[in-house]
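Heads up: the structure comes next, in structure tokens.
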Number of protein chains: 2
Amino acid sequence: MNYTIKQLSDLAGVSGRTLRFYDKINLLKPESINTSGYRIYGPKQVDRLQQILFFRELKFSLKEISDILSADDFNRVDALTEQRKKLIAEKKRLDQLIATIEKTLASQKGETVMSDQEKFVGFKKKMLDQNEQKYGKEIREKYGEETVKKSNQQFANISKEDYEKTVMIQNEMFENLREALSLNDPESSCAQKAADLHRQWLSFFWPKGTYSKKAHAGLAQMYVDDPRFTKYYENNVAKGAAEMLRDAIQIYTAKP
Amino acid sequence: MNYTIKQLSDLAGVSGRTLRFYDKINLLKPESINTSGYRIYGPKQVDRLQQILFFRELKFSLKEISDILSADDFNRVDALTEQRKKLIAEKKRLDQLIATIEKTLASQKGETVMSDQEKFVGFKKKMLDQNEQKYGKEIREKYGEETVKKSNQQFANISKEDYEKTVMIQNEMFENLREALSLNDPESSCAQKAADLHRQWLSFFWPKGTYSKKAHAGLAQMYVDDPRFTKYYENNVAKGAAEMLRDAIQIYTAKP
DNA sequence: CTTGAGGTTGACGCTGCGTCAAGGTGTAAA
DNA sequence: TTTACACCTTGACGCAGCGTCAACCTCAAG
């Protein structure tokens, strides 16, 4: 079946202008031009347009779509499968948004109280996904699945640019902590390095101006006292890691 | 709780530039400006930003959002409830898109065949909704629920601008047909008007160049022979409507 | 007192079209 | 054949919603 520009635009629910624009930028060329200069679209163009709209739905730029479709290794079935996954994820995000609305309604009626973070739950998820796409792979390779997962949970409260940094800092801290444990010396340079990294790491989560050596040392003690934190460090570093970190931080914060 | 621009942008998952832009266009003004010219946002601004993002999610323009939020009769609870409904509808649309992908995959594997219309199901729905919002109410009032419903089904294949027209033409045809039935005269001016309106109506559904008086008359006969069509006209006009229309069209197409 | 992160105001750039304008073409009815 | 009207064409300009500099100011921690 062949279509003129209006027939195809009606079929697909896009404007004629859009099709002409896609022609101009070489995203979707008509199959042929008839003797009066009319664009004629064939079955291949119909399918390509469908593909384009799927990608557009997923917020790809037209440049990106163009690149993807003209890539040597482009595989239609794979692309569709991937797009389906993304759409399902998008549905999930909408569910979060709906939940956020319902929470907001409840808090509006005075039934509940809502934190400012909660107010933006469905929105921030979008960013996280973008971040994952851009940096996720590299970070995953460098630091392993688990770390990424855990950081993602905390990430809900911090910024885009800071995401990478916290992950890297934390892992560097873990490494230093492991070395310190093997030396069993909280005064060792690696232990002190760990304490310093921990301070840096904290700066991402504590409001500005709230840091003090006292608070830092206090938190370190809490890591030992609160079994949730103790376990977290045990799982990520080794047994006794929380204690080692506390000792290191106490020495670190005692210094001028 | 008060926020600086970065704190709020991190909280909500938008860029600082966006917040400055919203300030400039008077969509979201900070609560105050401190002595160094910094924008300071308070709880009210947080809630307003949340509202803005909800509307933005639903593809409202910033101008529209601005108007809605500053309207005298703006009611937060109503707005949220409405937004929830829209989000649920959007989820449904995504379901359609996912179904379209699955159909496409099946047809790709050669398991099924897919019509060109089917290929764009989830996309077109968007347009239909817009149309409904713009014109649905007036048309409904004028022509009743049932007609709108039936036309919507057929609309899947025709264009945006043509939607209204077909509905109006069809109804005008029905009226003329009713009058012709009461006169019981297929040669009456109202019967001939009905036949003419039917031809106009057809032009929306038949591919261009396929109309001929012969085909028109043939279709009219089919309306009588095929019980599905006969019933359709019986339900929408009266008993014997299909026959009356056939007779009128036969006379109409016999004229020069 | 330095340093670095975060704040400010312009101003220009980009994407993805919408929207004229000024014309040529195709087809149904007169 | 001509008229009418919907549809086609190529420019060209406009617009929203920011991203992205540049050039400068300010604040907290070491």
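Small disclaimer: the values here were computed from a predicted structure and weren't measured. We name chains A, B, ... by the order of the sequence lines, and we start the count at 1 in each one.
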Practice item. Taking only the side-chain nitrogens and oxygens of A/Thr4, find out if one of them lies under 4.0 Å from OP1 or OP2 of D/dC8. Key: yes
Revision key, fill the gap. The correct set of residues in residues 19-39 of chain A placing a heavy atom under 4.0 Å from DNA chain C is A/Phe21, A/Tyr22, A/Ser36, A/Tyr38
Practice item. Please check if the side chain of A/Arg20 supplies one atom and the backbone of A/Ile5 the other of a donor-acceptor pair under 3.5 Å. Key: no
Revision key, fill the gap. dist B/Ile65:CD1 -> B/Ser70:OG (nearest 0.5 Å) comes out at 11.5 Å
Check your understanding: So, B/Gln51 side chain and B/Leu69 main chain: donor-acceptor pair closer than 3.5 Å or not?
Key -> no
Study note, to complete from the structure: Residues in residues 41-51 of chain B with a heavy atom under 4.0 Å of DNA chain C, by number, are none
Exercise for review: Take atom CG of A/Leu53 and atom C1' of C/dG16, then tell me their distance rounded to the nearest Å.
Suggested key: 13 Å
Check your understanding: What residues, two or more places apart in sequence or in another chain, satisfy salt bridge (Lys or Arg N to Asp or Glu O under 4.0 Å) together with B/Lys193?
Key -> none
Exercise for review: Take the protein atom NZ of B/Lys59 and the nucleotide atom P of D/dC18, then report the distance between them rounded to whole Å.
Suggested key: 11 Å
Point to revise | Charged N-O contact under 4.0 Å between A/Arg93 and B/Glu57 | key: yes
Exercise for review: Start with the C-alpha gap between A/Lys24 and A/Tyr22, add the side-chain angles, then the distance that decides, and say whether side chain to side chain contact (heavy atoms under 4.5 Å, CB included) holds.
Suggested key: CA-CA 5 Å; A/Lys24 182 167 262 174; A/Tyr22 289 177; over 6 Å; no
Point to revise | Rounded distance in Å - CD1 (A/Ile5) to P (D/dA6) | key: 18 Å
Exercise for review: Kindly determine whether A/Leu19 and A/Leu49 satisfy side chain to side chain contact (heavy atoms under 4.5 Å, CB included), including the steps that lead there.
Suggested key: CA-CA 9 Å; A/Leu19 291 180; A/Leu49 179 55; 4.0 Å; yes
Practice item. Could you check how far CD of B/Gln7 sits from P of C/dA5, rounded to whole Å? Key: 16 Å
Review point. Side chains of B/Tyr252 and B/Asp196: is there a donor and an acceptor less than 3.5 Å apart?
Key: yes
Check your understanding: Whole-Å distance between D/dT9 C1' and A/Ile40 CD1?
Key -> 13 Å
**Study point:** Spacing of B/Leu62 atom CG relative to D/dC15 atom C1', expressed in whole Å
**Key:** 12 Å
Review point. Is there a donor-acceptor pair under 3.5 Å between the side chain of A/Glu31 and the backbone N or O of A/Gln45?
Key: no
Check your understanding: How close or far is atom P of C/dT8 from atom NZ of B/Lys6, stated in whole angstroms?
Key -> 13 Å
**Study point:** Length of the CD1-P vector between A/Ile52 and C/dG16, whole Å
**Key:** 12 Å
Practice item. Output yes when at least one side-chain N/O atom of A/Arg17 is less than 4.0 Å from OP1 or OP2 of D/dC8, else no. Key: no
Practice item. Return no unless some side-chain N or O of A/Thr18 is found under 4.0 Å from OP1 or OP2 of C/dG18. Key: yes
